Structure formats: C-alpha cells, structure tokens
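First the proteins, then the strands, lettered A, B, ... as listed; each starts at 1. What you see is a predicted model; the values in this text were computed from it and never measured.
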Amino acid sequence: MMKKEICKILSRTEIAADIYELIVQAELVREITAPGQFVHIRVSNHWDPLLRRPISISSYNPISKQMTLIYRKDGKGTQMLSEMRAGMELDILGPLGNGFPVDEVSAGETAVLVGGGIGVPPLYELSKQLTAKGVKVIHVLGFQTVAAVFYEQQFEKYGKTFIATVDGTYGTKGFVTDVLKNIQFDCLYACGPVPMLRALQQGYPDQKVFLSLEERMGCGIGACFACVCKEKDDPSGTSYKKVCTDGPVFRAGEVLI
Amino acid sequence: MMKKEICKILSRTEIAADIYELIVQAELVREITAPGQFVHIRVSNHWDPLLRRPISISSYNPISKQMTLIYRKDGKGTQMLSEMRAGMELDILGPLGNGFPVDEVSAGETAVLVGGGIGVPPLYELSKQLTAKGVKVIHVLGFQTVAAVFYEQQFEKYGKTFIATVDGTYGTKGFVTDVLKNIQFDCLYACGPVPMLRALQQGYPDQKVFLSLEERMGCGIGACFACVCKEKDDPSGTSYKKVCTDGPVFRAGEVLI
Amino acid sequence: MSRLNIELPGLKLKNPVMPASGCFGFGKEYSQFYDLSELGAIMIKAATAEPRFGNPTPRVAETSSGMLNAIGLQNPGMKKIIEQELPWLSQYDVPIIANVAGSTEEDYVKVAKEISIAPNVHALELNISCPNVKTGGIAFGTIPEVAKELTRKVKQVSEVPVYVKLSPNVTNIVEMAKAVEAGGADGITMINTLVGMRLDLRTGKPILANRTGGLSGPAVKPVAIRMIYEVSQAVSLPIIGMGGIQSAEDVIEFFYAGASAVAVGTANFVDPFICPTIINDLPELLEQLGYEHISECTGRSWKKHESPAYHRA
Amino acid sequence: MSRLNIELPGLKLKNPVMPASGCFGFGKEYSQFYDLSELGAIMIKAATAEPRFGNPTPRVAETSSGMLNAIGLQNPGMKKIIEQELPWLSQYDVPIIANVAGSTEEDYVKVAKEISIAPNVHALELNISCPNVKTGGIAFGTIPEVAKELTRKVKQVSEVPVYVKLSPNVTNIVEMAKAVEAGGADGITMINTLVGMRLDLRTGKPILANRTGGLSGPAVKPVAIRMIYEVSQAVSLPIIGMGGIQSAEDVIEFFYAGASAVAVGTANFVDPFICPTIINDLPELLEQLGYEHISECTGRSWKKHESPAYHRA
Ligand SMILES: Cc1cc2nc3c(=O)[nH]c(=O)nc-3n(C[C@H](O)[C@H](O)[C@H](O)COP(=O)(O)OP(=O)(O)OC[C@H]3O[C@@H](n4cnc5c(N)ncnc54)[C@H](O)[C@@H]3O)c2cc1C
Ligand SMILES: Cc1cc2nc3c(=O)[nH]c(=O)nc-3n(C[C@H](O)[C@H](O)[C@H](O)COP(=O)(O)OP(=O)(O)OC[C@H]3O[C@@H](n4cnc5c(N)ncnc54)[C@H](O)[C@@H]3O)c2cc1C
Ligand SMILES: Cc1cc2nc3c(=O)[nH]c(=O)nc-3n(C[C@H](O)[C@H](O)[C@H](O)COP(=O)(O)O)c2cc1C
Ligand SMILES: Cc1cc2nc3c(=O)[nH]c(=O)nc-3n(C[C@H](O)[C@H](O)[C@H](O)COP(=O)(O)O)c2cc1C
Ligand code: FES
Ligand code: FES
C-alpha cells in the first residue's frame, strides 16, 4: 500500500558532483515490495514548484524503516531538495510502481546490472537482494565523467563492477554497451537514459532483459495518463501501459521505447 | 542612499500572538536617516510569493549596524518570514521613504505618539530620538486584544504609555482616540490603520500632525505608481504623492486619506 | 446542519467540492486514499465515442505555479466507460458528472446519448474547450454560434442536465456563456486550461511532444476568477468553478466570484488528499467568516447584499 | 566580439534586454542602482496626450507567481514627458522606445506625432492592449480591423519605426499580428497582461479598486511563449518578447519561441538589478549552450536548422 507521509530526513550528503544521497526515515519503507520502486516527492510546502519529483528508492531497510534516495541536482525541484538538511521534513508519496523481478534469476545464475547516470541508484538494492539469494552479480555502470561517478565501492561489495565514462576520464572510455560486449549473463536488468535502454533492448532480443523507464509524470499513481507508453504489437493502437503504475520496470519488448 | 543587500538575521522572537521581532545586521542600517522609514523585504529566493513586503524599521543602531523589524504573521509572505531563523539570510531593499520629522518639536515640548496594531513599531525609534533631544513623549497604543499587545515596557522607558484594546481585555476599552481626548500636545505622530489616521486628521485640524500611511506596493522605490495618493486641494485632479518615496509619512492634510 | 450541501440542476451535493475532469481518472486510484463518497461529485475523465490513445509523450511540463498538459483525451471509449468504470463507481454514494468530448457534432451527440443513460451519471459536462485536440475540438469552444448549436443538439438527446465547459482562450467569455445559455445549457463549468508552451533550454524545442499544452494550477486562478465574475453576472446559469484551487480559501474566492460549486484539478497530483482536506476545512472557515451556509458566498463580489452574520452580530 | 548586439527597425541595441513599459517609470529610480547605459533600450511608461491620474488604489495585488496591476496609465502627459523626462534620459547612451496610449484614434496619433520627434526616441510602442483603461483602450487590441487602422494612422505621422504591443486576451493572436503587419507595423511587442482578478477573503470584494487588473510575472510566461511561437511563424516582423522573464534562461526561451529581443517587467520590482544581471549572465549561458550569437536562438523552436556549435564540435 502506498502512503503519503511526512518523513524525517536523517542525512543528506553530496556523494559526487551534484549527486546527493538522502537518507529518510518513514513508515512507508515497510510497504516497499521490490527494488526499483520509486517515491514521488514534494520538494516544498508551497505550490511552486508545483509537481512532485519521482525518485527511485536506492536501498531500504524495513526494520529500521530507512531508505536511501540518490538524486542529481538539476532543475528547480532537485535544487530545492539539495538544500534540505538532516532533521527537516519531506512529504513523500510511495512506494510507487512495480520494481525489478528478483525471481527471474536463480541462485548460481549470473545477472548483469546496467546503469547509466542517475539510473544507477535503484540497481544497488537489486544487487543486494540478488546477491542475498545466491545470484552472481556483475555491475556495468556508465557516467559522463569521473566527477559524476558514485557508489563504485558499494557496488564492488556485491560483485564485479565495471565503470565506463563517456569522456574516458575513468574506467573504460565509452558507453556501457562497449563493456557489455564481453560479458555473459542469464538475466539483464537496466536503468538509465532511453538511448541506452533502446540499445539494450535491440542488442539482446533473445535474452531475459528488464528495463526501468523514465517518463515525465503528473500524479505518479495512475490517474492522469501523463506517463503512458504504447504496448508493442498493438493492432488497435490504443493499448498502453503507465510507467508509474505498470512500470517503471518492463520486460524488454513489452512496450515501445 | 538605499541599497539592496543580503542581510544576516541575528534573532527572531515571537513577542505577542503572531507578532514577531526580527533583528537584522546590515550595512544599509547606516543609511537610515529618520524613524519611520521602511524596508522592502524579499521573503524567499524564489519567485513565489513574488512581491517584496514593506516593513517599517522599528529601531536601529548605525554603529552596530543592527535594526529591528516587527511584523505580524498574516498572509503568505509574512508567514514565510516568520519561519526564518537566526543565521539565515534575507534580501532587503532599503532604507526607503521619508520618515517622521523629529525637528518639528523642540526640547521641552510634548509629543504624542499614536500607534494602532502593526503601526506601533516605527514609533519606538521615534520615541527614542525625541526623548534624546529632550522632548516629553506620551504614547497611546491601540491593539485588538490583550494577546496582541507588545512593547509596552519598552515604550514605558521613554514616556507615559497608554494602552487601549478594542475588546477591553487590557488598558482602556476602545480606540486610541478615546484615550487621546484627555491629552494635550504640541505635535502628534501617528501610524496605524486608515480609519484611525483619518480620525486623527479630522480631530486635530489646527495642530501639528504627522501621519504614516500604508498602501499596497509594487516596486517600493517610486517606479511603478502602485502606491499613489491624491494631493489635497488639487484642481487638476492629476497631482499625486507616492507613499513609497514621498511618504510614508505626510503632514496631515497634505494628501487625501 | 450542514453548511455545505448544494443543489444544482441534476445534482444534490453533500458539498460543493469535486475533482475536475482528467485529473482524477475514473476514481480508482484516489479510492486507495479515501472513501470517494466523501466527495460532492466526481467529474470523470473525458469520454469519446471510440477509444483514444491521445498524444505522444512527454505530455506534461511544469511552469511557475502551474503545469502544462497535453494528454489528448486518452480514454478507453464510452463503451468501456459505461460497462466498466461507471458500474465500479456506483459502489460509492456520489453523483457522477460525465465529461463528453469529440471531434464532430455527431461524436458529441452519440456519447451524450449513451452515457447519460448510465444510472449514476447525474449530469454531463460538455467539453468544448480541450486545447490539446487538433481536429475541431477548440472551434466548438471559441465560436459562439457553433457552441450554441452543439449545446442544443446535445440537450435534445441527453437524459440528464448538461453543463458546458468553457474555454478561457477567447476574447469574450461572456459571449460564449450567453451562447450556450441560449443553446439550452443547464449550467456552466469553467475554466478549462489556457493554451501555453514551454521550450527546452538545451534543444530549443517544445518540452511537450504536442508542442502546446493546457496551463492549469494556481497560476491561472486570477484569470478563472475574473471570467467567473464576468459570466456569473451575465447569465442566470449556475457555475461550477475551477482553475488553480488548492485550499478552502480558494473555494470561497470562487464562490465570491460567482460559482455555486467548484472542481479541483491539478492540486490532486500534488496532494492526493486535497479534496477531503478542503471539504474538511470549509465549515470552520465559513464559521470564521460569519457565513451560515456556503451558498451565501456566491456572487458576493458583485452582489449588493447585507453584511455577513458576524458583521451583524 | 559581442554575442548580444542586435539590430531591429530603428534600434541598434548593445544587447537585447530592456525594461518593459510601466515597470521602470522613466528610468530615474533605477538609475540609483546602475548605469542605464548598460541596458539594450528602455521602454518608458505610457504617454497620453493629457496628464492622467489613473485608477484609485489599491492598484496591485499578488497572485501565485504573478501580480495584478491596475495603474490605469497614470502619467504626466506627453508634454511633460517630452520636456522633462526624455531630456533627462538623454544623458544615457541608450535608445528609448516610447509607449503610446490613448482613448481615441486621435489621441494616439497626436502623441505619436509629438513624441516621435524627440531625439532619443528611436521607436514607438503602440499600446493597444492596456486592459485597465475603460474608454475604448482594449477594443483597439482585440478587433483586427481596428488595430490595423490605428497602426496605419500612427505610421503616417511617426518619425520613427512603430512597434505594436499585442494583447494576449484574444481568441486568435495570429489574426491580430497579421492585422498590424498589414497596417504597416515595423515590429511587434508581446505580450501585455492577461486580465485577471483577486477577491478579498474577508470582504468578498475585489482587492483592486478597479476590480480587474493585468496579470504579469512568471505565471504568464507559458502563455507568452506560446503566442510568440505562433506569431513569429505567421508574420515577418521582429518581435520583442515579454511576460514573466526573470533570468537569462528565460530570455533564451523567448528567443527560441521567436523573439529577437526581450523586455523585463515585473521582475524589476523583485530585484532592481534584474536587467543588468541578466545581461551579464547571457554570454556565459550562450557559451554553454554553444551559440556564438544570441540571434542564432531566434525561432529555434520551429525553424529547421543545424545543430548549435557545440553539437557540431
Ligand atoms: C520512475 C523514475 C525514477 C527516477 N529516479 C531517479 C533517481 O533515482 N535519481 C534521480 O536523480 N533522478 C531520478 N529520476 C529523474 C528525476 O525524476 C528528474 O531528474 C527530476 O524530476 C527532475 O526534476 P528537477 O526539479 O531537477 O527538474 P525540472 O526541470 O525543474 O523539472 C520540471 C518537471 O519535469 C520533470 N522532469 C524533468 N526531468 C525529468 C526526467 N528526466 N524524468 C522524469 N521527469 C523529469 C520533473 O519531475 C518536473 O515535473 C527518476 C524519474 C522517474 C520517472
Ligand atoms: C510603509 C509600510 C510599512 C509597513 N510596516 C509594517 C510593519 O512594521 N509591520 C507589519 O507587520 N506590517 C507593516 N506593514 C504592512 C505589511 O506590509 C503587510 O502586512 C504585509 O505586506 C502583508 O504581507 P503578507 O504576506 O502577510 O500578506 P499577503 O496577503 O500575502 O500579501 C499580498 C500582497 O499584498 C500586500 N499587502 C497585504 N496587506 C498589506 C498592507 N496592510 N499594507 C501594504 N501591503 C499589503 C503585500 O505586501 C503583498 O504584496 C507596512 C506597510 C507599509 C506600506
Ligand atoms: C492532466 C489534465 C488532464 C485534463 N483532462 C481534461 C479532460 O479530459 N476534460 C476536461 O474537460 N478537462 C480536462 N482538464 C482540465 C481540468 O478539468 C481543469 O478544467 C483545469 O485543469 C483547471 O483546473 P486546475 O487548475 O484545478 O487543474 C485536464 C487538466 C489536466 C491538468
Ligand atoms: C505595474 C505595471 C505597469 C504597466 N504599465 C504598462 C504601460 O503603461 N504600458 C504598457 O504597454 N504595458 C504596461 N505594463 C505591461 C508590461 O509592460 C508587460 O507587458 C507585462 O507586465 C508582461 O511582462 P512581465 O511579466 O515581465 O511584467 C505594465 C505592467 C505592470 C506590472
Ligand atoms: S503519472 Fe499520472 S498516470 Fe502516470
Ligand atoms: S510602490 Fe512603486 S511607486 Fe510606490
């Protein structure tokens, strides 16, 4: 069950250039059912900026009722979010959407987790949960440049971690797809920019691939139809999925991207 | 010279029901030339609420570069102002306008200072300055109810202080004009709601009376013509005074109120 | 005694607060937060004769104190709405106002006829003002003669009272209101969204795939208030007001302007509890302001009237 | 090399940023903050044939991310403006655009003729769109034929190029733009304010003494962008864009929409340094976005074009 809750900020840390980690205490953490779900955050008590901001849950602990969110300071809303401090309150709606299916790989099999930029955070909890059930996990994380790299050590704890940077200032120069060429896997999970997701969908047509999509949102709960995408192979042309409630994670090929 | 300055808040205290005292450190304090001038405050870094809020300077010290503002928490802007804390920064434009003429009374003469509600604050500095030059000062301060009364002790230090409350919960029951009936004076200075100012203007046609007006403002510096009032006895009908730059203090009879 | 019950053509409302069309789907999502029977009514998402996918994404963009949307009337078509959504909603004790849209006069008439028969549909809202639909849509809302004719045709077939939703994108809103009154409308709902646009700083291109979109939210409130003020003085139809409402204070302002009920749109996205919160806040606010019933507020901005109770006291 | 210099009919601008009419008086107040020669131009307060007091107060009210004003064209009359304000302004190296208003065609013609002779007046801005003036004013801005005629008449007498300021309170802004183009306008300025209203919660009455007022500020920006986008594709006149600008980013968005220069109104009240701040921020922003000159941004939202420099690099 999703909740709208005034949550307490426990800490806020800049972990890379303009990348912030926010740890929040909230009852709604107990409602999280899978890695890859997200929350919808009201960044101010006022009505400007108006809309909530969708942010993935990066990791969570239902016992301590804490969750970690990682976001990039970019526009007006995330700017304001970056000014928040420990002790302040935050109006959060969540957990929302359907996360990554952890059941799709078994102990002993190999999963590769592919993240691009601010698509990296939700993979962290996924990696934790897969590792816990005995899946071998490999991470392939892409960033623009060395200053934007975050959580490398954290991911390393759970499995081999390859970093690619577009400008070559760290790790492999180029895209995650360049690194992926040499990796075998049973299941691929990805979150990141659309061109990356599209390349993965096309690159592995016969393998198990799960993609977390991004779309501009209004309500975040399925009411406004802002975030729809078309189903693949739909003769009527009117069938659709909502990223906020049917996604954000889809099996590759399920929807047009 | 007015300045636009990012000032430091030294303290913020609730001194009566919804009445806050804000002490601010600012270079622009050295530019203040008379009690009754005001500042124009931007209550947020964002563009909503949009307009600055005009608030009178209640007292100031050019040496320590500190000034005190007293305001009532009411609408959106003053609400946000009431949430500010010591150490925060505040964008202030000022000092603005022309204050009360202290020269209009001489040592030994009697001045009566009449304030209504949030019109009381600027009289405090006036009282200080008049007392300093040897003028005998009497205060007549009106409030809605006992919970709204503030600064009685502070005013008492400088001269006899009468309080009137509309509901009679403190001091004389009724209006400042009721108290005034029994007071003789050489000069009267007043700040408060328009009906009060109008009553004073009509009640003392032959005496020296100075009134501080309020009007909704845009720019606060004379550019937008939001705050004009008509001059009295103007045959053309087009002459005017601006409350922000020609006022807020006018000699009674100078403008139509 | 309730301070909030209101009667309008076809509608007996517990209170005058309802979610606006397109901002509440068919209620299912919000039913996870509260009992929909608390609402005065529900304006459901636009129904068209055939299912519609709507516009490509991105479909929303944010603006200062507002948002743009270009959903493009996505909906499952009237058949599915009548067979699935309305029956589901009938579990709640709340009247439904069905929003009717189309590209041609025939479309409107067809949908109006079918959907007005549904047992829990107590009124229609004729959406002649959706700015996001290319084919014809907007013309219905900007040419008085066309709006009048459409209203007349729909009235002929509708089993329930017909409210016409006005577009604010016109030079003369009063003329439009008079036209739909002449066409036989039972009420007016206003305002729909203002046509607006945002461009992406990096690409220079519109953020919305549809390029333009409809502006809603607090930013448009002063325009809505002005138009309701004008229209309520010019016609004798009741008005359901909307445009940027986010608090009980806003509701009173809409009543003062001339509304007899209100709808809340965009604010649902910001706070899913906004409708029950407002409904809950209203009685105390009315008490403070000295009104015994919210209907006393309607048109106070222009009516000559006695002082409210607390001034009299 | 400057990235910001712009040439428009009658105007050689160091940069394309100027204060909007009515939001900067005749410059004196802002000259206390910075050197007015830094500005691209100055649009001075509306001039009418005779002195005008304007509307009663209150004249301003705040709205979400916006404000309403109903100043009512208060000004000292063209004679005083020509004899006192313009000569004072001539100490600065900055072209003046004189805003011309009136209640009748004759008024406009009279003011245009006289004021266009002043040496530092490089262009006129024909204010056919002030929503706060009862007598006639708004009709000039909402009826294409009337606007065209007025433009023609003023062009006949003006010594300098004439820009016509369009009202956003119309169903079809393109039609208005085409009309003034046909009337011989040299350029368009847009948008003036949207008509809006706010009511006092306690009294139920309008906050503004004039009841309605003109909405300006960030709230109206998406409407301005949309209208400039439409008009710039339909006419071949340069557009000076305005409506809610408060940053260099906003300026670029107006250029993308189709503007060739911009004016900043309401934001001057919030931050008296806003114009020089924006002018100062623009070169770096252009650099970041990969433009060698700001003129490359004009109309990018709809023009087919090559990628900006940094994409090419
Ligand atoms: C399901 C989901 C999960 C996400 N998880 C994360 C995360 O974990 N960390 C993170 O940094 N970002 C994440 N994003 C992207 C994040 O939502 C945007 O970066 C953020 O909303 C931008 O807000 P702003 O205030 O910086 O920008 P503004 O430009 O001020 O935003 C204006 C409007 O556009 C929307 N918007 C702008 N960019 C995007 C975008 N890329 N995707 C969706 N909406 C956008 C905003 O939500 C807002 O409504 C996620 C997006 C989705 C849909
Ligand atoms: C010269 C001058 C000096 C003032 N000094 C003081 C003071 O020392 N202490 C104090 O508490 N108040 C003072 N006021 C009144 C104060 O400016 C208003 O109470 C305040 O602006 C209200 O803002 P808000 O955010 O509470 O209300 P909102 O309703 O959110 O304000 C909306 C808009 O209306 C304006 N407004 C609302 N009420 C008034 C009003 N009474 N006068 C002028 N503008 C108004 C606001 O400035 C703002 O632009 C003074 C006003 C003036 C003109
Ligand atoms: C996402 C969205 C979808 C909308 N869809 C419809 C619609 O289908 N039919 C309609 O008549 N109005 C539609 N509207 C307009 C609203 O019903 C309402 O008139 C408008 O948004 C103003 O109210 P608000 O500011 O409270 O949102 C929609 C508005 C939004 C924001
Ligand atoms: C207080 C005020 C006074 C104005 N006076 C005039 C005027 O005299 N003539 C005119 O053409 N426009 C006038 N305008 C409109 C502005 O020039 C501008 O078109 C509008 O405010 C939109 O820009 P903004 O959002 O940047 O303020 C006025 C606007 C304001 C806020
Ligand atoms: S964001 Fe509203 S339906 Fe998905
Ligand atoms: S507030 Fe702008 S002139 Fe006084």
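- In this structure, the separation between CD1 on C:Ile225 and CZ on D:Arg198 is 8.5 Å, given to the nearest 0.5 Å.
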Margin query: Set out, in order, the CA-CA distance, both residues' side-chain angles and the distance that settles side chain to side chain donor-acceptor pair (under 3.5 Å) for D:Ser64 and C:Ser65, then state yes or no.
Written below: CA-CA 6 Å; D:Ser64 294; C:Ser65 295; 4.7 Å; no
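- Ranked by heavy-atom pairs under 4.5 Å with chain D, the first of C:Pro168, C:Gly204, C:Ala219 is C:Gly204.
- Applying a 4.5 Å heavy-atom cutoff, the residues of residues 226-234 of chain D that approach chain C are D:Arg226, D:Tyr229.
- Contacts of C:Leu68 with chain D are made by side-chain atoms alone, with heavy-atom separations under 4.5 Å and no backbone atom involved.
- With rounding to the nearest 0.5 angstrom, the OG atom of C:Ser247 is 8.5 Å from the CG atom of D:Leu201.
- Ranked by non-hydrogen atom pairs under 4.5 Å with chain C, the options D:Ala61, D:Pro206, D:Pro222 are led by D:Pro222.
- Environment of CD in C:Glu284: sparse, with no more than 12 heavy atoms of neighbouring residues, nucleotides or ligands closer than 6.0 Å.
- D:Val223 places a side-chain heavy atom less than 4.5 Å from the side chain of C:Leu215.
- Atom CG of residue D:Asn172 and atom CG of residue C:Asn169 lie 11.0 Å apart, to the nearest 0.5 angstrom.
- Using modelled atom types, one finds no donor on one side chain facing an acceptor on the other under 3.5 Å when comparing C:Thr171 with D:Thr142.
- Annotation: the span from C:Tyr256 atom OH to D:Met197 atom CE amounts to 13.0 Å, rounded to 0.5 Å.
- Atoms CD1 and CZ, on C:Ile252 and D:Arg202 in that order, are 13.5 Å from each other to the nearest 0.5 Å.
- With a threshold of 4.5 angstrom between heavy atoms, C:Ala257 approaches chain D through its backbone and through its side chain.
- Distance alone, capped at 3.5 Å, is enough to place a donor-acceptor pair between the C:Lys205 side chain and the D:Arg300 backbone.
- With rounding to the nearest 0.5 Å, the separation of CG in C:Leu199 from SG in D:Cys297 is 11.0 Å.
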